[in-house]
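Counting starts at 1 for both ligands and their atoms, following the listed order.
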Amino acid sequence: MSPQLSIAKHSPFIELDRNTWSRLAETISVPLSASEIANLRGFGEILDVDEVQQVYVPLSRLLNLYVNAASSLNHMTNDFLGASQRRVPFIIGVAGSVAVGKSTTARMLQAMLSRWPSTPNVQLVTTDGFLYPNAELERRGIMHRKGFPESYDRRALLRFVSEIKSGAPLVEAPKYSHLYYDIIPDEKIQVTSPDVLIIEGLNVLAPDKSGALSISDFFDFSIYVDARTSDIERWYINRFLSLQQSAFQNPESYFKKYANLSHDETVARATSIWKSINEPNLLENVRPTRSRAHLILSKASDHSAHRVLLRKN
Ligand SMILES: Nc1ncnc2c1ncn2[C@@H]1O[C@H](COP(=O)(O)OP(=O)(O)O)[C@@H](O)[C@H]1O
Ligand SMILES: CC(C)(COP(=O)(O)O)[C@@H](O)C(=O)NCCC(=O)O
């Protein structure tokens, strides 16, 4: 047997190409209208009814199976313990690079999962709320490391997730604004005992370096959104160009300093931010967590998912 085949044989993942994956749920129809899908789509993405039918319907069905199985196990465990039945949220982590399209995947899952009768209440939080405020990043001398593991208040994030998993009826998270590029001091996001909570962020699968608990220890399922580095760089630059024409024109935007750049200057600025912050973070911290995921959604250069890897166990 060639070394390549034996590596594949001993991989913890089953690999499915798009056609094989899409056939797993072809009898289930898309529960969203074309305009609902358009509203969930991020900048530059091609998400359409075909993509939802072929990629997200099977994913949502698989997750529904996991949620129902976790709920049965929870019931049986409580019976065994003689404890009262109390349901705690099923937590799904969504990881991947800046600009890979995590937010669209997470929003799509939220919309799809909430259509299942067993999980009408699906809530979504992003980990950017747990970034230190810019003033604190400046104080620590890590303003140029936004998105790196050390730029987050990891203790607060861990407390947040463990409170949710302990069944607390209301848990609050700080709120981040892409417009201000900073934490909004007086606003909070509330998590109110959902059936499913999706937690999306760059580093959600990162283990704690000192061996202590990390938030992924509280996940029931996790997804890594993957693509080639060169494709993600192009998506980042194209999105930056679109934002320069829209969001950066807002006088309140942190990036208003880029509002009058020419096309070439904007590309140069985006490339420099990508090369100095987001690509190193992807290579050093984010992609190394990929094999910790239960499922890897692998995207082709047009943003469509072309392959799914699912853990065998
Ligand atoms: N500077 C910005 N101004 C406004 N919105 C932004 C800015 N940067 C990113 N976004 C938006 O924030 C969301 C999260 O982006 P990001 O963290 O890169 O994750 P992803 O692209 O994987 O969803 C996306 O919807 C993106 O369009
Ligand atoms: C806010 C982010 C760190 C993403 O945070 P996440 O929700 O993934 O924890 C990222 O979108 C970002 O703004 N990075 C800084 C570098 C840049 O401006 O591209």
Side-chain angles (χ1 to χ4, degrees), residues 39-47 93-110 124-134 137 142-154 156-157 160-161 173-184 189 198-206 214-216 223-227 229 231-259 261 266 269-282 285-287 289 297 299 303 305:
N39 284 336
L40 295 167
R41 188 164 45 215
F43 271 124
E45 295 179 18
I46 55 114
L47 193 78
V94 179
S97 170
V98 162
V100 79
K102 300 179 297 299
S103 321
T104 302
T105 297
R107 284 195 300 266
M108 180 51 70
L109 286 177
Q110 181 183 23
L124 168 62
V125 290
T126 49
T127 54
D128 48 14
F130 292 91
L131 285 164
Y132 288 116
N134 288 353
L137 292 173
I142 54 169
M143 189 58 185
H144 59 294
R145 308 264 297 173
K146 199 181 260 202
F148 281 67
E150 65 271 22
S151 64
Y152 294 85
D153 184 345
R154 280 172 283 179
L157 184 53
F160 168 77
V161 180
K175 193 167 174 185
Y176 184 77
S177 160
H178 280 284
L179 180 69
Y180 301 118
Y181 200 65
D182 204 354
I183 300 295
I184 313 178
I189 291 167
I198 302 171
I199 303 184
E200 180 234 306
L202 289 168
N203 293 301
V204 296
L205 286 172
S214 62
I215 60 166
S216 61
I223 299 171
Y224 184 93
V225 185
D226 197 22
T229 308
D231 287 331
I232 310 175
E233 175 175 357
R234 187 164 38 78
W235 299 337
Y236 179 79
I237 294 168
N238 286 340
R239 185 174 79 186
F240 199 91
L241 279 165
S242 302
L243 290 168
Q244 195 263 347
Q245 297 288 308
S246 52
F248 299 174
Q249 301 297 322
N250 183 333
E252 302 235 48
S253 170
Y254 175 87
F255 291 104
K256 64 175 184 293
K257 56 193 172 201
Y258 302 145
L261 294 186
T266 308
R269 195 64 247 162
T271 308
S272 151
I273 299 173
W274 173 262
K275 287 287 178 204
S276 62
I277 304 179
N278 296 318
E279 183 179 85
N281 194 23
L282 168 61
N285 299 305
V286 182
R287 187 161 296 139
T289 68
L297 190 65
K299 288 179 159 196
H303 262 292

Visitor: Protein residues near ligand 1, heavy-atom distance below 4.0 Å?
Guide: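 Contacts of ligand 1 under 4.0 Å: Phe43, Ser97, Val98, Ala99, Val100, Gly101, Lys102, Ser103, His178, Arg239, Leu243, Phe248, Phe255.
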
Visitor: Using a 3.5 Å cut-off on N or O atoms only, is Leu202 in polar contact with ligand 2?
Guide: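 Yes; the residue has a nitrogen or oxygen that sits under 3.5 Å from a nitrogen or oxygen of the ligand.
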
Visitor: Does the side chain of Lys146 pick up a donor-acceptor pair with the side chain of Asn134 at under 3.5 Å?
Guide: yes

Visitor: Which distance, rounded to the nearest 0.5 Å, do you find between the CD1 of Ile237 and the CD1 of Ile232?
Guide: 12.0 Å

Visitor: So which protein heavy atom does atom 7 (O) of ligand 2 come closest to, and at what separation?
Guide: Asp128 N, 3.1 Å

Visitor: Hey, is Tyr152 touching ligand 2 through its side chain, its backbone, both or neither, going by heavy atoms under 4.0 Å?
Guide: side chain

Visitor: Could you find the nearest protein heavy atom to atom 10 (C) of ligand 2 and give me its residue, atom name and distance?
Guide: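 So the nearest neighbour among protein heavy atoms is Val98 CG2, 3.9 Å.
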
Visitor: For atom 13 (O) of ligand 2, what's the nearest protein heavy atom and its distance?
Guide: Tyr181 CE1, 3.9 Å

Visitor: Determine whether a donor-acceptor pair (N or O, by modelled atom type, separation under 3.5 Å) exists between the side chain of Ser253 and the backbone of Asn250.
Guide: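 Looks like no, no N/O pair under 3.5 Å.
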
Visitor: Using a 3.5 Å distance criterion without hydrogens, assess whether the side chain of Gln249 forms a donor-acceptor pair with backbone atoms of Gln244.
Guide: yes

Visitor: Under 4.0 Å from a heavy atom of Asn278: give me the atoms of ligand 2 that qualify, with their elements.
Guide: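 Answer for ligand 2: 14 (N), 16 (C), 17 (C), 19 (O).
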
Visitor: Just verifying a value: how many Å separate Lys175 NZ and Ile183 CD1, rounded to the nearest 0.5 Å?
Guide: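 If we round to the nearest 0.5 Å, Lys175:NZ and Ile183:CD1 are 11.0 Å apart.
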
Visitor: Could you see which bit of Asn203 sits under 4.0 Å from ligand 2, with heavy atoms only: side chain, backbone, both or neither?
Guide: neither

Visitor: Distance check, rounded to the nearest 0.5 Å: Arg269 atom CZ versus Lys257 atom NZ?
Guide: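 With rounding to 0.5 Å, CZ (Arg269) is 7.5 Å from NZ (Lys257).
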
Visitor: Quick one: which of Tyr236, Phe148, Phe130 has a heavy atom closest to atom 17 (C) of ligand 2?
Guide: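 That would be Tyr236.
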
Visitor: Just by distance, do the side chain of Asp128 and the backbone of Gly201 share a donor-acceptor pair under 3.5 Å?
Guide: no

Visitor: Tyr176 to ligand 2: N or O pair under 3.5 Å?
Guide: no

Visitor: Identify which one of Tyr176, Tyr181, Tyr180 satisfies the ring-ring contact (aromatic ring centres under 6.0 Å, His included) criterion when paired with Tyr254.
Guide: Tyr181

Visitor: Short question: side chain of Lys299, backbone of Val100 - any donor-acceptor pair under 3.5 Å?
Guide: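 Answer holds: yes.
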
Visitor: Is there a nitrogen or oxygen of His178 sitting under 3.5 Å from a nitrogen or oxygen of ligand 2?
Guide: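 Such a contact does not occur with ligand 2.
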
Visitor: Are any of the protein's heavy atoms under 4.0 angstrom from atom 2 (C) of ligand 2, yes or no?
Guide: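 Neighbour list for atom 2 (C) of ligand 2 is empty of protein heavy atoms (cut-off 4.0 Å).
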
Visitor: Answer yes or no: is there a donor N or O on one side and an acceptor on the other, between the side chain of Asn285 and the main chain of Phe148, under 3.5 Å?
Guide: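 Checking the backbone N and O of Phe148 against the side chain of Asn285, no donor-acceptor pair under 3.5 Å is found.
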
Visitor: Under 3.5 Å, side chain of Asn278 to main-chain N/O of Val98, donor-acceptor pair present?
Guide: no

